[in-house]
4 protein chains.
Amino acid sequence: MASIVEAAAQILEKGGLAAFTTNAVAERAGVSIGTLYQYFTDKNALLIALARGEMEAALGEVGRALQGDGDSSVDGRVRAMVRAIIHAFRGRQRARKAVVQALLAQGNGIELMAPVAAFVARAAETVGRGPNPLIGPLTREQAFVVSRSLMGVVRAAVLEEQPFLASRAFEEEIVRMIVAYLGAVSAATGRQP
Amino acid sequence: MASIVEAAAQILEKGGLAAFTTNAVAERAGVSIGTLYQYFTDKNALLIALARGEMEAALGEVGRALQGDGDSSVDGRVRAMVRAIIHAFRGRQRARKAVVQALLAQGNGIELMAPVAAFVARAAETVGRGPNPLIGPLTREQAFVVSRSLMGVVRAAVLEEQPFLASRAFEEEIVRMIVAYLGAVSAATGRQP
Amino acid sequence: MASIVEAAAQILEKGGLAAFTTNAVAERAGVSIGTLYQYFTDKNALLIALARGEMEAALGEVGRALQGDGDSSVDGRVRAMVRAIIHAFRGRQRARKAVVQALLAQGNGIELMAPVAAFVARAAETVGRGPNPLIGPLTREQAFVVSRSLMGVVRAAVLEEQPFLASRAFEEEIVRMIVAYLGAVSAATGRQP
Amino acid sequence: MASIVEAAAQILEKGGLAAFTTNAVAERAGVSIGTLYQYFTDKNALLIALARGEMEAALGEVGRALQGDGDSSVDGRVRAMVRAIIHAFRGRQRARKAVVQALLAQGNGIELMAPVAAFVARAAETVGRGPNPLIGPLTREQAFVVSRSLMGVVRAAVLEEQPFLASRAFEEEIVRMIVAYLGAVSAATGRQP
DNA sequence: AATGAATGAGCCTTCATTCAT
DNA sequence: AATGAATGAAGGCTCATTCAT
């Protein structure tokens, strides 16, 4: 089962969506096509299993990064989160890309993406508080904007295979944006009461 | 030719990527499949033609919005830009989504997306200057972060069919983020010399 | 189209239901599988087309037999009908059998059989009248009994490949049964008023 | 073993031939597929076992009906037989239908059907004698006609799911046909010596 | 005796593309 | 330029059957 999912990831990584056929996956996994179908109802089910795995990995990475006891300033913590996201997206770019594509192509993508986004939003919120609180709870729109812009930037860099993806400068700018935004939210909220 | 591309857009809009077959497009366009192949060497060529058209339309929309002589403050001009982006993405969501997917699925997507992003980055830069300049020229990474976060947020809202997509509150938050980021960039740059 | 149906009949005739694959049919018809699917939505559609054709042929045969101006006595006309049914059932036994099976396996069979049965029932009724009327209109149950017993006997003989299928003795007995039954019905009806 | 056959009948009854897979049968029987193959060499072997069982049950029903000491007139005894046949065909229609189909699909059907038909023919003969004999031994063709028409009518009613299947009127007509036929045979035979 | 994971031949069907008219 | 019937490679999936445990 795990080997089949792994094979699927490899196929996707190497040949993209076009190469992703159940027969190819079975062959690479070293099992018969029948066995594949014993574990996954559907080509789609396999895809979802793969996606779920990737998502959980990403979640874990971000979560672990935030547990880390590095720099506990707002800047430091945002940077930890940004780094985690970048990392989560860098391993097996093509596979991940293909998974996202395939998922979106069927409408199942959003539900699977949602948890990650929610997690990121919550993390941002948490980060904003800390020792000397920066912000209160975010509104729905605010949470959306933080999480999606962060993920959007990173994803774009991955998809476009930008050379500066791993650079310090890039990280810096993303951090700057998030921190600036959280600050602005805080300022606006502070004024309101 | 135009009618074929239009048919392609409609098919994509209505049935998504799965419904997008050359035969279906030809039929809807009211021409024979042979004629379609007279104008487009390939299914892919048709897709590219469609994408190019959509891209140009988006570009035009943003450009026009920035020409408009509304509120000329930084806030006002960023808001005009944000609105234009949101609009550019809302007409025919599904078709656009499908185009992006299909394009990405083949690796052609990035080149076609690039001009829009470049344009958005330039617009942000321009906006930052204006009467009383906010910022100087952006670095490559900064331009990337502004354009992709903006587009990323809007795209996510479209794909996830968020109900607040057209709301004032959503627009407000995006503007807040862009302005805060531009401000932070400006501050950092100012300090450095 | 006709050649495809014909090929289907031949395949069914030779190899039974098991050999009836769309690929086999296409090959025997000398067309590509794609062409087959241009004319028939489905494997099932092909089956139905075949069945309809066979049914109409059977109908025609019986109809023509009854038009014939042979012996116009009740006995003579019943015999003409019986003979026609036997003929209708004898050509391409296996193909016919397979069609019926396949059809029944999907529930579509009955509707296609019904017209033949209705026709036979009407024929029996007509025969019962003639110059010196034997019977009035049959009740639903009576019509059913005449038509189905007649068809049932012949079908059984065909399926079991009885050697006496074409014999005079066999024909004689069937005629005897039908005539006796019509007589009994007539007698019962006559008594009732 | 019995439970496997029973499971097969249930599957056939509920889902028709299409649902009749060895795996499905094993699951419903609550045994593993391996066990099923321990008892039946083949899917076909299972089918034959099922058919044989059903056949014997039918045989038993008719036999018992004829033993019964109800009305001993020809009419009364024919009616008892007709009723038994109807009953034999009515339980688990779909399963029975499917069995017949499946059997026919492989050519094994006829041999299994034959005993029932033979039995019916013999019964008809017996009935025709009784206290005041109606007929002598039937010819091969006559026996065939009585048994197959009777079975054919009932089977058709079952397959077509005729609403009058259980009605008195229907029974009446079948009885009328059989009795009329036996009478005609008797008359003809009587004349001949 | 029982289990059930594994097998794989082969079926139905789709759809991009061609080419003679 | 346009047509559209024909093509056929290729893919998803089923299910009877085996065999090591």
Side-chain angles (χ1 to χ4, degrees), chain A residues 1 3-4 11 17-27 29-47, chain B residues 1 3-4 8 11 17-27 29-47 102, chain C residues 1 3-4 11 17-27 29-47, chain D residues 1 3-4 8 11 17-27 29-47 102:
Chain A
M1 254 218 50
S3 74
I4 296 175
I11 294 277
L17 209 47
F20 182 58
T21 69
T22 52
N23 285 293
V25 171
E27 189 178 6
V31 299
S32 73
I33 182 66
T35 298
L36 186 153
Y37 275 91
Q38 202 115 38
Y39 290 103
F40 303 93
T41 352
D42 226 79
K43 189 189 187 183
N44 195 40
L46 171 55
L47 206 54
Chain B
M1 260 221 41
S3 74
I4 295 175
I11 294 277
L17 210 46
F20 183 58
T21 68
T22 51
N23 286 290
V25 171
E27 187 178 10
V31 300
S32 74
I33 180 66
T35 299
L36 187 153
Y37 274 89
Q38 208 101 40
Y39 289 105
F40 303 93
T41 36
D42 225 84
K43 191 190 186 184
N44 195 40
L46 170 56
L47 205 54
Chain C
M1 255 215 50
S3 75
I4 296 176
I11 294 278
L17 210 43
F20 183 58
T21 70
T22 51
N23 286 292
V25 171
E27 189 176 9
V31 298
S32 73
I33 182 67
T35 298
L36 185 154
Y37 275 90
Q38 203 113 39
Y39 290 105
F40 303 94
T41 350
D42 226 86
K43 190 188 187 185
N44 194 40
L46 170 55
L47 206 55
Chain D
M1 261 222 40
S3 74
I4 295 175
I11 294 276
L17 209 45
F20 182 59
T21 69
T22 51
N23 285 290
V25 171
E27 188 178 11
V31 300
S32 73
I33 182 67
T35 300
L36 185 152
Y37 275 88
Q38 209 100 42
Y39 289 105
F40 303 93
T41 37
D42 224 86
K43 189 189 187 185
N44 195 41
L46 170 55
L47 204 55

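Below, chains carry the letters A, B, ... as their sequence lines are ordered, and counting in each starts from 1.
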How many whole angstroms separate atom [atom1] of [X] from atom [atom2] of [N]?
X: A:Phe20; N: F:dG12; atom1: CZ; atom2: C1'; value: 12 Å
X: D:Leu46; N: F:dC15; atom1: CG; atom2: C1'; value: 15 Å
X: D:Glu27; N: F:dA16; atom1: CD; atom2: P; value: 13 Å
X: A:Tyr37; N: E:dC11; atom1: OH; atom2: P; value: 17 Å
X: B:Asn44; N: E:dC15; atom1: CG; atom2: P; value: 17 Å

Residues in side-chain contact (heavy atoms from CB on, under 4.5 Å) with [X], at least two apart?
X: B:Thr21; result: B:Asn23, B:Ala24
X: D:Ala29; result: D:Ser3, D:Ile4, D:Ala7, D:Val31
X: D:Ala19; result: D:Ile11

Listing time: all N or O pairs from protein to nucleotides 3-6 of chain E that are below 3.5 Å?
residue, atom, partner, partner atom, Å
E:dT3, OP2, D:Ser32, N, 3.2
E:dT3, OP2, D:Ser32, OG, 3.4
E:dT3, OP2, D:Thr35, OG1, 2.6
E:dG4, N7, D:Gly34, N, 3.1
E:dA6, OP2, A:Tyr39, OH, 2.6
E:dA6, N7, A:Gln38, OE1, 2.9

Q: Tell me, please, which residues at least two apart from D:Thr35 pass side chain to side chain donor-acceptor pair (under 3.5 Å).
A: D:Ser32
Q. How does DNA chain F read in dot-bracket, base by base from 5' to 3', with Watson-Crick or G-U pairs under 3.5 Å and | used when the partner is on another strand?
A. .||||||||||||||||||||
**Q.** side-chain N/O C:Thr22 vs E:dC12 OP1/OP2, d < 4.0 Å
**A.**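 The answer is yes; a side-chain N or O of C:Thr22 sits under 4.0 Å from OP1 or OP2.
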